[in-house]
Amino acid sequence: MNSLIIDLFMCGVAYVILIYFVATMTKNSLRRGNSSNDDGDGGIENLTPPKIDLPPGVIWPSDSPKKSKTPEPVDY
């Protein structure tokens, strides 16, 4: 039981030290004023969707052939 208490105490001390270092590092980055809405990717923003190469015989619904509005007459 004695070693369990020592292990729990050491884990608690390590946790407190870890939280202290994380808090001090994030406080410095918040002070510098990095509050812009930039997501950090960099480069040129391209909002056009990519052109996907489809297998032969498969077409996009927007590229389908246009059907005529008038039905063709049926011979009886």
Side-chain angles (χ1 to χ4, degrees):
M1 182 74 181
N2 193 14
S3 64
L4 177 65
I5 293 173
I6 293 172
D7 287 341
L8 289 175
F9 178 74
M10 294 299 287
C11 287
V13 169
Y15 180 75
V16 169
I17 292 172
L18 180 69
I19 294 300
Y20 172 75
F21 282 124
V22 169
T24 56
M25 286 195 284
T26 57
K27 186 174 22 171
N28 288 339
S29 67
L30 292 175
R31 280 188 190 160
R32 281 188 253 146
N34 293 340
S35 61
S36 66
N37 292 334
D38 187 19
D39 57 359
D41 287 344
I44 299 172
E45 187 172 339
N46 187 4
L47 299 177
T48 59
K51 183 68 176 170
I52 299 175
D53 188 24
L54 297 174
V58 178
I59 59 171
W60 289 105
S62 60
D63 296 337
S64 65
K66 307 294 183 223
K67 296 184 179 183
S68 62
K69 299 273 184 191
T70 59
E72 295 182 13
V74 179
D75 292 335
Y76 290 109

Check: If you round to the nearest 0.5 Å, how far is CZ of Phe21 from CD1 of Ile17?
Finding: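 If we round to the nearest 0.5 Å, Ile17:CD1 and Phe21:CZ are 7.0 Å apart.
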Note to self: Return the CG to SG distance between Leu18 and Cys11, rounded to the nearest 0.5 Å.
What the structure shows: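 Going from CG on Leu18 over to SG on Cys11, the span is 12.0 Å.
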Margin query: Is the shortest side-chain heavy-atom distance between Leu54 and Ile52 below 4.5 Å?
Written below: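 The answer is yes, as the side chains (C-beta and beyond) meet within the 4.5 Å cut-off.
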Margin query: Is there a continuous path of hydrophobic side-chain contacts, each under 4.5 Å between heavy atoms, that joins Val16 to Val13?
Written below: no
Next item on the list: May I ask you to list the residues sharing a hydrophobic cluster with Ile19, side-chain cutoff 4.5 Å, ordered by chain and number?
Entry: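 Once heavy-atom contacts under 4.5 Å are chained together, Ile19 belongs with Tyr15.
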